[in-house]
Amino acid sequence: MRPRLLIIDGHSMAFRAFFALPADKFMTSGGAYTNAVHGFISMLATLIKNEQPTHVGVAFDAGAHTFRTEVFPQYKGTRDATPEPFKGQVALIKEVLDAMNIRYLEKDRFEADDILATWSTCAAEAGMEVLLCSGDRDTLQLVNDHVTVLYPVKGVSELKRYTPEAVEEKYGVRPEQYPDLAALVGETSDNIPGVPGVGPKTAAKWVNQFGSLTEVLNSAETIKGKVGEKLRDHLDQVRQNREINRLLTDVDLDVMPNDLTVQQWDRNKLHEIFDMLEFRTLRERLLAMMGAVDQGTHDEGGAAQGASTQIMEVAAGELAQWLSSTRQPMGLAVAGKGVPSRGTAWQIALSATPESAVVVTLDELSDADSVALRQWLMDPHYPKIVHSAKEAWHALHSFSGGVKGVIADTELAAYLAFPDQRSYGLEDLSIRYVSRDITPVAHQAQGSLDLGLDDTDDALRALANRAAVLPQLAQALDAELSDRSLTALYQEMELPLTVVLAQMEHVGVAVDLEQLRSLDAFFAHQGSEAQKAAFEAIGRQVNLGSPKQLQEVLFDQLDMPKTKKIKTGYTTDAASLADLFVKTGHPFLQHLLEYRDSTKLRQTVEGLLKSVADDGRVHTTFQQTVAATGRLSSTDPNLQNIPIRTETGRRIRQGFVVGEGLDTLLTADYSQIEMRIMAHLSQDDGLISAFQAGEDLHNFVGARVFGVSIDEVTPQMRSKVKAMSYGLAYGLSAFGLSKQLNISVGEASTLMDDYFTRFGGVRDYLTSVVARARTTGYTETIMGRRRYLPDLTSDNRQRRENAERVALNAPIQGSAADVIKQAMLGVDAAFRSEGLSSRLLLQIHDELIVEVAPGEQEIAERIVREEMAGAMQLSVPLAVSVGTGQNWHDAGH
DNA sequence: CGTAACACGTA
DNA sequence: CGTACGTGTTACGC
């Protein structure tokens with residue numbers, strides 16, 4: 001096959017992409033613009049796929065100064081300054097190119113065009129076929145039988161192919177004559193004036209009539225009319241234009257076409273950069289391309305191998321024998337539903353080697369095999385590797401009572417190594433860490449007579465592939481964790497915690513259906529009353545749940561003062577509405593706020609009612625691999641955001657009750673755990689003595705900051721230092737503090753200074769956390785849990801400052817998560833070793849909820865207090881407060 | 001039908 | 001122009 005070279009004009013195409021895609025739609029969560037990167041790489045991917053080049057190179061402009069601007073200072077002089085959102089994107093494009101192992105080049109004092117011209121000339125001479133992708137029409141002069149220009153017509157997705165014929169058809173001149181034509185016509189965007197009144201048609205006519213530009217100029221006298229006059233006036237200009245638009249084909253370059261062979265892409269780098277850019281679909285497109293390309297090669301260098309795991313049969317009655325034949329860690333994949341209390345498993349796949357897996361269908365097992373499998377699953381001495389062990393536990397619960405002996409959970413491991421990722425799909429991890437594509441090759445879709453069977457086959461193969469990749473993947477991830485010193489956190493805290501969480505979810509928390517239903521009715525009634533009143537206040541009906549319609553009412557109809565600006569206009573959030581009420585006193589606002597309150601509460605109650613299981617209990621799912629700080633989160637339903645701040649909201653907590661046959665609910669929470677961790681991490685003398693003194697923290701701090709004695713601290717002083725203390729852990733600014741406390745920025749700033757004067761250790765600690773993270777690239781909790789913060793060195797201020805706040809918060813929030821997780825392990829273990837029936841139900845970040853069995857009140861409370869307070873040895877005591885009651889509300893304190 | 005934007009609940 | 005989450009609604013684009 002003839003070698004085919006694809007050359008891209010980097011800046012010109014990036015710029016086209018930038019204007020083709022909306023900048024605000026392509027932005028990372030950190031605020032970085034990526035539209036040009038996305039458009040450029042997408043275009044490049046399409047080109048590579050469609051054109052199948054053997055060589056690829058990209059040329060960039062080196063800077064504003066070129067030999068052309070030296071001779072013609074006005075060249076490109078009218079260009080506007082580069083748009084702010086475009087800046088920096090070229091650097092990102094280069095990073096992606098690096099990951100794709102595509103060479104790029106720029107050369108001082110030359111334009112990308114000259115590199116293009118040199119490469120294409122040289123390549124054509126060497127017998128290559130050349131594709132030139134550029135948005136600069138000057139490159140048309142390079143077109144010949146071996147060189148085709150791809151010129152963007154609409155955005156960057158549609159490219160027109162300029163062959164010699166196409167150039168001639170469009171401009172009426174042969175490619176090598178194009179610069180003659182362009183010299184006459186001029187180019188506004190490059191600040192090159194042409195002959196006034198002469199457009200492409202006239203210019204082409206002349207060039208054809210006289211044969212070349214030189215001849216046109218020599219014959220200028222003979223051209224009649226106004227245009228002839230204009231031409232004679234601009235002879236020098238046209239000559240100069242022709243000098244400028246001549247591309248150099250003999251620039252001395254370090255990289256030449258032979259150096260541009262297509263290489264394997266760097267999978268890891270590609271993932272890294274796409275993670276950063278938050279490109280999901282583009283990543284998948286490239287991965288798919290990679291797979292397609294890889295299949296054609298026999299290269300093992302990082303290529304994803306299509307997994308072809310052999311599905312093995314185990315004869316009936318021989319499962320026990322097979323299961324006990326090895327103590328090798330076994331990959332375990334479960335097909336079924338891994339939801340708490342309603343889980344089911346249909347099939348499981350087991351595999352200790354990449355080549356083969358045993359798949360069994362549970363309801364087809366003989367009694368003996370079924371027993372053997374159950375025993376094997378629950379035998380901790382048979383090591384298992386699972387992706388999401390908690391889901392497997394739920395899926396298998398009704399079959400075997402769960403699963404024991406899980407020595408590796410690849411989802412959990414991936415989360416600990418890269419806590420900032422959105423998800424940890426096994427397919428992705430497999431491609432990324434063991435270069436194995438586990439998606440089964442789809443069975444021939446057409447011409448097949450038994451499609452139903454194929455579907456089942458695919459599902460089976462997928463399951464087998466999943467199990468078969470696990471041992472290798474676990475090994476790779478173990479190495480990642482070990483490199484990051486996360487092995488202890490993984491094996492001694494997170495893996496054991498999975499089992500505790502699975503049991504908590506399985507047990508669920510009992511609710512009083514009657515109570516919740518009547519609350520629902522109450523909130524519904526309250527809401528409709530408020531709605532009615534709101535409509536009366538404005539004399540019409542609107543959808544009170546629509547911020548858009550509310551904006552119309554408030555700012556158009558009622559002409560109220562504008563609130564804080566948001567993307568879609570002005571905010572109607574509660575704080576602003578309350579503010580507006582103070583200013584206008586309009587009753588609509590009051591009714592609206594009331595409506596919002598009761599609808600929100602009604603939604604919460606209805607959500608709960610919908611999730612009550614047949615056993616009369618609510619089974620939440622605790623997400624162990626979501627929060628980047630190491631916290632748990634709760635979904636389906638979220639039981640970590642049940643209202644507590646208002647009296648009406650608290651009534652919902654009365655609906656969570658102690659289950660039948662049990663005695664009480666016990667809630668236990670850490671008081672001020674984040675400030676205690678701050679004291680421990682900062683080793684600030686003042687803060688440490690505050691906690692050791694056992695005084696009310698905020699009074700103590702207030703006394704120090706304001707220079708008074710503790711009993712002289714007023715409530716105002718207390719609330720100020722309280723806000724300050726809490727804000728510290730979030731990277732609070734003077735501006736933010738002033739806004740929260742409704743004081744001037746100056747006042748807030750003074751407060752911060754006073755605070756830091758008295759608690760210098762805190763200030764030093766906060767500074768050092770950021771500084772350290774900047775050098776190491778990550779923050780660390782007490783247990784060594786890491787959070788990586790590449791943005792700390794970003795050029796983008798918004799991104800950088802955001803990363804700094806994250807760096808301040810992550811060790812505090814994350815260490816608090818470490819502490820309570822340790823406490824949960826302790827409480828669970830102690831309940832078991834004491835043979836209690838009491839059990840953990842919920843965790844709400846700094847609080848544990850326990851259901852206490854009859855007669856266990858005293859010992860359960862003692863265990864909870866001891867295990868929580870003693871979870872870790874810090875420089876300050878961990879204070880725990882406990883309450884009990886028949887429902888969550890009454891158990892609170 | 002899926003996703004973004006908004007608003008709001010918790011620690 | 002303080003962190004970390006999840007959910008329900010509306011609006012809008014495919």
- Under a 4.0 Å heavy-atom cut-off, which of residues 588-599 of chain A touch DNA chain B?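 Under 4.0 Å from DNA chain B: A:Arg596, A:Asp597.
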
Please give, in whole Å, the distance from [N] [atom2] to [X] [atom1]?
| X | N | atom1 | atom2 | result |
| --- | --- | --- | --- | --- |
| A:Leu789 | C:dT3 | CG | C1' | 12 Å |
| A:Tyr730 | C:dT3 | OH | P | 10 Å |
| A:Arg422 | C:dC5 | CZ | P | 11 Å |
| A:Asp420 | C:dA4 | CG | C1' | 12 Å |

With a non-hydrogen cut-off below 4.0 angstrom, is [X] in contact with a base, only sugar-phosphate, or nothing?
| X | value |
| --- | --- |
| A:Leu808 | nothing |
| A:Gly736 | sugar-phosphate |
| A:Ala574 | sugar-phosphate |
| A:Lys600 | base |
| A:Ile644 | sugar-phosphate |

- Item | C:dT3 phosphate, OP1 or OP2, under 4.0 Å from A:Asn802 side-chain N/O |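 Checking A:Asn802 against C:dT3: at least one side-chain N or O falls below 4.0 Å of OP1 or OP2.
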
Short question: side chain of [X], backbone of [Y] - any donor-acceptor pair under 3.5 Å?
| X | Y | answer |
| --- | --- | --- |
| A:Tyr424 | A:Leu412 | no |
| A:Arg653 | A:Ile642 | yes |
| A:Thr667 | A:Ile849 | no |
| A:Gln843 | A:Leu848 | no |
| A:Tyr726 | A:Val721 | no |
| A:Ser576 | A:Thr572 | no |
| A:Thr563 | A:Thr571 | yes |

- First-last contacting nucleotides on DNA chain B - partner chain A, under 4.0 angstrom, heavy atom: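 It runs B:dA5 to B:dA11.
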
Quick one: list whatever passes side-chain contact (heavy atoms from CB on, under 4.5 Å) with [X], sequence neighbours left out.
| X | value |
| --- | --- |
| A:Glu647 | A:Arg650, A:His889 |
| A:Gln541 | A:Phe535 |
| A:Glu780 | A:Arg772, A:Tyr778, A:Arg786 |

- Message: Strictly under 4.0 angstrom, non-hydrogen atoms only: write out the protein contact profile of nucleotides 9-14 of chain C, one letter per nucleotide from the 5' end, B, S or -.
- Response: SSSS--

- Check DNA chain C against residues 626-636 of chain A and give the residues with a non-hydrogen atom under 4.0 Å, in numerical order.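 A:Val626, A:Ala627, A:Ala628, A:Thr629, A:Arg631, A:Ser633, A:Ser634, A:Thr635, A:Asp636, in order of number.
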
- Item | For DNA chain C, the residues among residues 666-679 of chain A that have a non-hydrogen atom under 4.0 Å from it |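 Within this stretch, nothing sits under 4.0 Å of the strand.
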
Pairs involving [range], ordered by first then second residue, that meet salt bridge (charged side-chain N to carboxylate O under 4.0 Å, His left out) (sequence neighbours left out):
| range | answer |
| --- | --- |
| residues 670-682 of chain A | A:Arg631-A:Glu674 |
| residues 541-551 of chain A | none |
| residues 747-758 of chain A | A:Lys720-A:Glu747 |

- Query: Should the pair A:Arg602 and A:Phe522 be classed as cation-pi, given the thresholds of under 6.0 Å to the six-membered ring centre and 45° from the axis?
  - Reply: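 No, cation not above the ring by the 6.0 Å, 45° rule.
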
- Is A:Lys564 close enough and on-axis enough to A:Tyr570, meaning under 6.0 Å and within 45°, for cation-pi?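 No - A:Lys564 does not lie over the ring of A:Tyr570 by the 6.0 Å and 45° rule.
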
- Using a 90° cut-off around 0 for syn, call C:dG2 syn or anti.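 For C:dG2, whose glycosidic angle is within 90° of 0, the conformation is syn.
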
- Item | Pairing stems for DNA chain C [at least three consecutive pairs; Watson-Crick or G-U; under 3.5 angstrom] |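 Runs of three or more consecutive pairs: B:1-11 with C:3-13.
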
- Between A:Tyr755 and A:Phe759, is the ring centre distance below 6.0 Å?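 Yes.
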
Electrostatic pair [X]-[Y], nearest N-O below 4.0 angstrom:
| X | Y | answer |
| --- | --- | --- |
| A:Glu804 | A:Arg799 | no |
| A:Glu851 | A:Arg617 | yes |
| A:Arg763 | A:Asp684 | no |

